[in-house]
Structure formats: structure tokens, C-alpha cells
Student: 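Just passing along the structure, written as C-alpha cells.
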Amino acid sequence: MSCCGGSDEKRRSRALEKEIRKGKRKRAPYLLLLGAGKSGKSTFLKQMRILHSSGFTKVEREAEYRPLIAQNVVLCVKSLHQGMLRLGLKYYAMQNGQLGEAMLDYIAEGYLHEGLADQFSTFWLDPSIQECYSRQREFGYELPDSTKYFLDNVMRLGGSEYTPTNQDIIQSRSPTLSIQEFSFTMEKRQIAIVDVGGQPSERRKWVHLFDGVRGVIFLAAISEYDQVDRDTGENLLKHSMALMGTLLSTPFFTRSGFIVFMNKMDVFQDKISYVPLRHYFPEYHGPQGNAKAAADFLEHQFCEIAPGHSGGVPQRRGRSPSISAAMSSLRRGTSLSAQEHPEEHLI
């Protein structure tokens, strides 16, 4: 599986889509990975590959992920500079402002070299940039989720002998614009998970995949409870809930297992301490700043979406079992809701 685009991946994606259209995959245990854009589906597949396969080869790390991570780092710097402009903040050091301005038209190609990494490190340590980062909610959370991670580690990422680690790969992001599949064996059974992308432009591909599906893994980024779509003004978490409701009303899923992963729990736990859930979900009457109470409320909201779904809706509360256990549960036709710690299974 390749998570980074390229002509080979596009050819594999077209071939996979053709197979599914012809019904060649209906006999195998076949799971769909669905969710709105930026819900963490590609990250889920990366972690499944690390947990249940041989991981990533040295060639993939060097040829695919090292350039991608360089692009991600440049995007982080560019997004921070744009945030500075929107907030009207002045740089503590003039050269950092000049660097930020230069990045607006900069196209990252190849690896991140040490000289640029050093400049990015200085840029990140600018007190004004730190203020900008802490105020990202004021300019619509335009920063990538991995901003702090990549810029905290930028000197390592720019090292001449640098090879991306598993965590670096997990933190990297590239929009899923083609169908991706991950197959693995568990308990002597072959299981295939297919990700078709979550951006609205990709959802047209979903419909012909539904027939014969064994189960659905639906990811929802609950950290988006206070975020809105720039074009429609719709609350992103409520949009995710509505999308889940639409899927559950589809006849194809009447008897399919349906697992809901409440994702990006680490971001949610941090944010809930200073952004009250009640401002965006007025029906929440639990204690302010209490991550567990807030997560329990959101879990209940997801459960309420389709109480009559015969394939099962999330019922189990508290911390989830491992991904392997979740897969086993799905094969048995039951459902779970997952609240994962990012360092264990999900980001």
C-alpha cells in the first residue's frame, strides 16, 4: 500500500475500483473505511500496516515519505505566516517575517536540507509565532494538526542522514485522492480494508462499494466540535454526524457491522479545557473542561443517530480495546466506539 500518490498508486486505484465494480471482491471479508475529510482515515491505515504487516520499506521511507514530510513542514510554516497576517501580529525577529513571506510562493521539492531546517527552527521559536500558534482558533484552525510535532522536530527532519520514523510517517498527511486498500491476515483469515477518501469530491466513489460490504469503520474527528467549514459555515463534527446518519440509512448497511472511532482524542482532550463544548452543543450540561464527560456525551450523540440499526450501534463506553480486538468484534457482527490514545493506535 502506498499512501502518497504517484502514477503507480493511481493505476492500482483504477484497477481496484474496476474489480469492485465487477463484484470480484464480494466474497472476501471486506471492510469500508469511511468518514469526512481529515478524520484520520489514512493515519488509521498506516497504523494498521505497522501493526499487522511488515510496515514501510526503506525505499518507501526515503522516496515517498521524506519528500512528503518536507512538503508538510513547509505547509506548517506557510500556514503560521498566514495566521500572523490574519491576526495582525508582528514578528519578534524581522528575518522570520521575511522567511514566512518567502514561503508563500515556495514549492518544496525533494528533501528538507539542514540550512532551511535551521531557519524553520528559529522561525518556530519566535515568541510571536508561539502566540500565533496558541491563538489558531481565531483564524479558523488553518494549521495542520502536525504543526507542533514537525516544527519541534525540524532539525532532526533536516538531517543529512534522516530517515522517517513510523511516528513521522503517521504524522504526515497527503489527501486521499484515490482508492487505497490494506489487506492483512488475522486469526488465519484474510481481511481487506478499503479507503476511498473523505473529501466531498471523492464521495461519488462510495456508492458502488456498498453492495456486499461486510462492515464499515467510520472515523469522526471529535476535536472538530468547534470548527466550521469555510465554504458552508457548517459545524464539522455535526457534518460528520450527519454523514454517518446518511450512511446508516443506506439499505446496503442494514445488516453490516458499523464501528465508530471517535478520533483525535488527544487534540480533543487539550482543547476541551479552554473551548467549552456547550458553546457548540447547547444540549450538553456536563461539567466544563471535563474530557471524559464531554466524550461520553458525544458518544451518546453518535448512538442516537441510528438506534434501530440492525447491524449494531456503538454501545460500549470507556476506553476501547486494541484495533485487533475491534476487527475481531466486527467479524462477529458487533460494534464498538473507540476513544484511542494517539500513542497507542490512533492519532
Side-chain angles (χ1 to χ4, degrees), residues 4 38 40 43 61-62 64-175 221 223-224 226-228 230 236 264 266-275 342-343 347:
C4 289
K38 299 183 179 181
T43 299
R61 292 173 191 271
E62 292 285 344
E64 297 183 24
Y65 286 101
R66 191 172 176 183
L68 176 62
I69 288 168
Q71 294 169 15
N72 285 182
V73 172
V74 169
L75 177 61
C76 292
V77 173
K78 184 183 299 186
S79 299
L80 280 166
H81 180 68
Q82 291 171 330
M84 291 284 290
L85 297 177
R86 294 183 65 174
L87 293 175
L89 296 174
K90 292 184 178 181
Y91 283 91
Y92 183 81
M94 183 180 300
Q95 67 267 26
N96 291 329
Q98 294 171 341
L99 176 67
E101 196 66 28
M103 287 300 104
L104 294 179
D105 298 317
Y106 183 82
I107 299 176
E109 296 180 346
Y111 300 164
L112 178 65
H113 60 78
E114 292 182 70
L116 192 56
D118 184 62
Q119 293 182 66
F120 285 163
S121 179
T122 301
F123 175 90
W124 175 236
L125 295 175
D126 189 300
S128 297
I129 284 293
Q130 291 298 308
E131 179 183 353
C132 175
Y133 180 78
S134 69
R135 295 173 58 186
Q136 59 180 293
R137 181 171 175 269
E138 296 178 37
F139 56 94
Y141 292 108
E142 296 299 324
L143 300 180
D145 289 341
S146 56
T147 295
K148 181 174 174 26
Y149 177 83
F150 281 143
L151 293 180
D152 277 349
N153 290 277
V154 71
M155 292 303 297
R156 176 175 61 83
L157 306 181
S160 59
E161 302 298 319
Y162 167 66
T163 297
T165 65
N166 285 342
Q167 187 63 17
D168 296 341
I169 291 172
I170 288 169
Q171 292 284 347
S172 67
R173 173 167 173 78
S174 179
S223 59
E224 295 181 335
D226 65 331
Q227 297 172 232
V228 298
R230 284 185 296 174
L236 293 182
K264 301 193 178 181
D266 57 329
V267 180
F268 174 79
Q269 289 173 333
D270 177 64
K271 183 184 292 186
I272 202 70
S273 65
Y274 58 90
V275 182
E343 295 181 355
I347 299 293

Student: Between Asn96 and Trp124, do the side chains contain a donor N or O and an acceptor N or O under 3.5 Å apart?
Tutor: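 No, Asn96 and Trp124 have no side-chain donor paired with an acceptor closer than 3.5 Å.
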
Student: What's the spacing between Asn166 CG and Gln171 CD if we round to 0.5 Å?
Tutor: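 Here the rounded value is 12.0 Å.
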
Student: With a 4.5 Å limit on heavy-atom distance, are the side chains of Arg173 and Ser146 in contact?
Tutor: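 Sidechains of Ser146 and Arg173: no contact.
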
Student: Using every non-hydrogen atom in the two residues, find where Lys38 and Glu224 come nearest and quote the distance to one decimal.
Tutor: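 In terms of heavy atoms, the two residues are closest at O-OE2, 4.0 Å.
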
Student: Do Leu112 and Tyr162 have side chains that get closer than 4.5 Å, going by heavy atoms?
Tutor: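 When only atoms from C-beta onward are counted, Tyr162 and Leu112 do not touch, as no gap falls below 4.5 Å.
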
Student: Between Arg86 and Glu138, does any side-chain N to carboxylate O distance fall below 4.0 Å?
Tutor: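 Result for this pair is no, no salt bridge flagged.
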
Student: Determine whether Phe120 and Leu99 make a side-chain contact, defined as any pair of heavy atoms from C-beta on separated by less than 4.5 Å.
Tutor: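 They are in side-chain contact.
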
Student: Please say whether the positively charged group of Arg66, taken as NZ for Lys or CZ for Arg, lies over the ring of Tyr111, i.e. under 6.0 angstrom from the six-membered ring centre and within 45 degrees of the axis.
Tutor: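 The answer is yes; both the distance and angle limits are met.
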
Student: Roughly how far apart are Ser172 OG and Leu68 CG, rounded to 0.5 Å?
Tutor: 4.5 Å

Student: Given Ser223, which of Asp266, Asp145, Val267 fulfils the side-chain contact (heavy atoms from CB on, under 4.5 Å) condition?
Tutor: Val267

Student: Establish, from distance only, whether the side-chain atoms of Gln227 and Lys271 form a donor-acceptor pair under 3.5 Å.
Tutor: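 Yes, a side-chain donor-acceptor pair sits under 3.5 Å.
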
Student: What heavy-atom pair brings Asp118 and Met155 nearest, and what distance separates the two atoms?
Tutor: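 Result for this residue pair: CA-SD, 3.5 Å.
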
Student: To the nearest 0.5 Å, tell me how far Leu116 CG sits from Tyr106 OH.
Tutor: 5.0 Å

Student: Taking the side chain as everything from C-beta on, heavy atoms only, tell me whether Gln82 gets closer than 4.5 Å to Leu104.
Tutor: yes

Student: To the nearest 0.5 angstrom, please state how far the CG atom of Leu151 sits from the CG atom of Leu80.
Tutor: 6.5 Å

Student: Given 3.5 Å as the limit, does a donor-acceptor pair link the side chain of Arg61 with the main chain of Pro164, or not?
Tutor: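 Yes, because the side chain of Arg61 sits within donor-acceptor range (under 3.5 Å) of the backbone of Pro164.
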
Student: Report yes if the side chains of Leu75 and Phe150 come closer than 4.5 Å at any heavy-atom pair, otherwise no.
Tutor: no

Student: Find out whether Val74 and Ile107 are in side-chain contact, i.e. whether some heavy atom of one side chain is under 4.5 Å from a heavy atom of the other.
Tutor: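 In short, these two side chains do not touch, never coming nearer than 4.5 Å.
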
Student: State, with a plain yes or no, whether a side-chain heavy atom of Ser79 is found less than 4.5 Å away from one of Pro144.
Tutor: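 A side-chain contact exists here, since the closest heavy-atom pair is under 4.5 Å.
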
Student: Verify the neighbour count for atom OH of Tyr92: are there more than 12 heavy atoms of other residues, nucleotides or ligands below 6.0 Å?
Tutor: no

Student: Please round to the nearest 0.5 Å and tell me the distance separating atom CG of Asp152 and atom CG of Leu157.
Tutor: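 Taking CG in Asp152 and CG in Leu157, the distance rounds to 10.0 Å.
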
Student: What distance separates Glu131 CD from Leu87 CG, expressed to the nearest 0.5 Å?
Tutor: 8.0 Å

Student: Taking the six-membered ring for Trp and the full ring for Phe, Tyr or His, determine whether the centres of His81 and Tyr91 are under 6.0 Å apart.
Tutor: yes

Student: Any side-chain donor paired with an acceptor under 3.5 Å for Asp168 and Thr165?
Tutor: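 Yes, Thr165 and Asp168 have a side-chain donor paired with an acceptor closer than 3.5 Å.
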
Student: Compare all side-chain heavy atoms of Ser128 with those of Lys90 and state whether any distance is below 4.5 angstrom.
Tutor: no

Student: I need the minimum non-hydrogen distance between Asp270 and Tyr274, along with the two atoms involved.
Tutor: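 Closest approach of Asp270 to Tyr274: O-CE2, 3.3 Å.
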
Student: Tell me the closest heavy-atom pair linking Ile272 and Gln269, and the distance in Å.
Tutor: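 Shortest heavy-atom separation between Ile272 and Gln269 comes out as CG2-O, 3.4 Å.
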
Student: Determine the minimum heavy-atom distance between Cys132 and Phe139, stating which atoms define it.
Tutor: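 That would be O-CE2, 3.6 Å.
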
